[in-house]
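These numbers come from the heavy atoms of this one structure, side chains and all, not from hydrogens, waters or symmetry mates. Start at 1 and go down the list; that is how both ligands and their atoms are numbered.
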Amino acid sequence: MKTIILAATLQPGDYVGFTFFIGSMAMMAATVFFFLEMRNVDGKWKTSLLVSGLITFIAAVHYYYMRDFWVENGTSPTEFRYIDWILTVPLMCVEFYLILKAFGAKMGLLWKMIFYSVFMLVTGYLGETVFRDQNALWGAISTLGYAGIFYEVWFGSAKQLSKNSNNPTLQKAFNTLAWFIFVGWAIYPIGYMAIPGGLLSGILPLESMDIIYNIGDAINKIGFGLVIYSLAVSSKNQEAA
Ligand SMILES: *C/C=C(C)/C=C/C=C(C)/C=C/C1=C(C)CCCC1(C)C
């Protein structure tokens, strides 16, 4: 008997597929939320919320494709994944710049962070695809880009600007975002190490890579946006008080 598999049909037990569906919907819902809430915040925060919504919007569209790709091929949609990241991760750097702009952030800081993130992603992509046999080496090279961003927000000029702002609301939000970079972003290298021949491939089955990436994206993209949103709302309440 011939089984007809309809496009984009989930099979029972396809946990990777589940997280792709949940991811698509969560990113869409978050996008609607950020865009609609733009009317409820003051001037400069509108841009920050717009960027938050763009991040989840770009992810929602890619998740739509990735979900389809996974369901049809049963393999990781690596290209869509990295195209998404190369757009959304620099936009997360833009978020840092926007909240620090009023306290003296320069374009140089933004470009530096964008450079680190693009370096991290291009080398990570090479390790996952072209040079899979040397994925550990490329993973290590990619980590240098991650370390650059980590340094900026924990010790570098971004940290200094936040420290010198004398604005407790900004500092609290900045520190939360810095924890996202530390803990939230550290989720990704764990997923990367599940690729065949990767450092954790003995412990983690290959499917766990996409599950881990999907969880990481939901936490980081939506969580980051919510931190920005609460900063915008509490800044408004402060001014009203
Ligand atoms: C919304 C997407 C985000 C926040 C993606 C972040 C991705 C990373 C922090 C990826 C990092 C990697 C390493 C640090 C080493 C191994 C290769 C990567 C690209 C998975």
Is it the case that the ring center of Phe96 lies less than 6.0 angstrom away from the ring center of Phe174? yes
Using a 4.0 Å cut-off to any heavy atom of Gly139, which atoms of ligand 1 qualify? 15 (C)
Within the distance-only criterion (no hydrogens, no angle test), does the side chain of Asp84 pair as donor or acceptor with the backbone N or O of His62 below 3.5 angstrom? no
Minimum-distance protein heavy atom relative to atom 14 (C) of ligand 1: Pro189 CG, 3.7 Å
Has Met92 got any heavy atom lying under 4.0 angstrom from an atom of ligand 1? yes
Report the part of Asp217 in contact with ligand 1, treating N, CA, C, O as backbone and CB onward as side chain, heavy atoms under 4.0 Å; options are side chain, backbone, both, neither. side chain
Heavy atoms of other groups near Phe103 CZ, more than 12 under 6.0 Å: yes
Kindly identify the option in Tyr192, Tyr188, Phe150 whose heavy atom sits closest to atom 6 (C) of ligand 1. Tyr188
Take atom CZ of Phe150 as the centre, draw a 6.0 Å sphere, and report whether it contains more than 12 heavy atoms from other residues, nucleotides or ligands. yes
Using a heavy-atom cut-off of under 4.0 Å, does the side chain or the backbone of Tyr82 touch ligand 1, or both, or neither? side chain
Lys44 NZ: over 12 foreign heavy atoms closer than 6.0 Å: yes
Which ligand 1 atoms, with their elements, are less than 4.0 angstrom from a heavy-atom of Thr88? 1 (C)
Asp217 side chain reached by Met27 side chain, heavy atoms, under 4.5 Å: yes
For atom 4 (C) of ligand 1, which of the options Trp85, Tyr213, Trp185 provides the nearest non-hydrogen atom? Trp185
Minimum non-hydrogen distance to atom 8 (C) of ligand 1, winning option of Met120, Met27, Lys221, Arg81: Met120
Under 4.0 Å to a heavy atom of Ser142 - the qualifying atoms of ligand 1, by number: 12 (C), 13 (C), 15 (C), 16 (C), 17 (C), 18 (C), 19 (C)
Is the number of heavy atoms from other residues, nucleotides or ligands within 6.0 Å of NZ (Lys46) greater than 12? yes
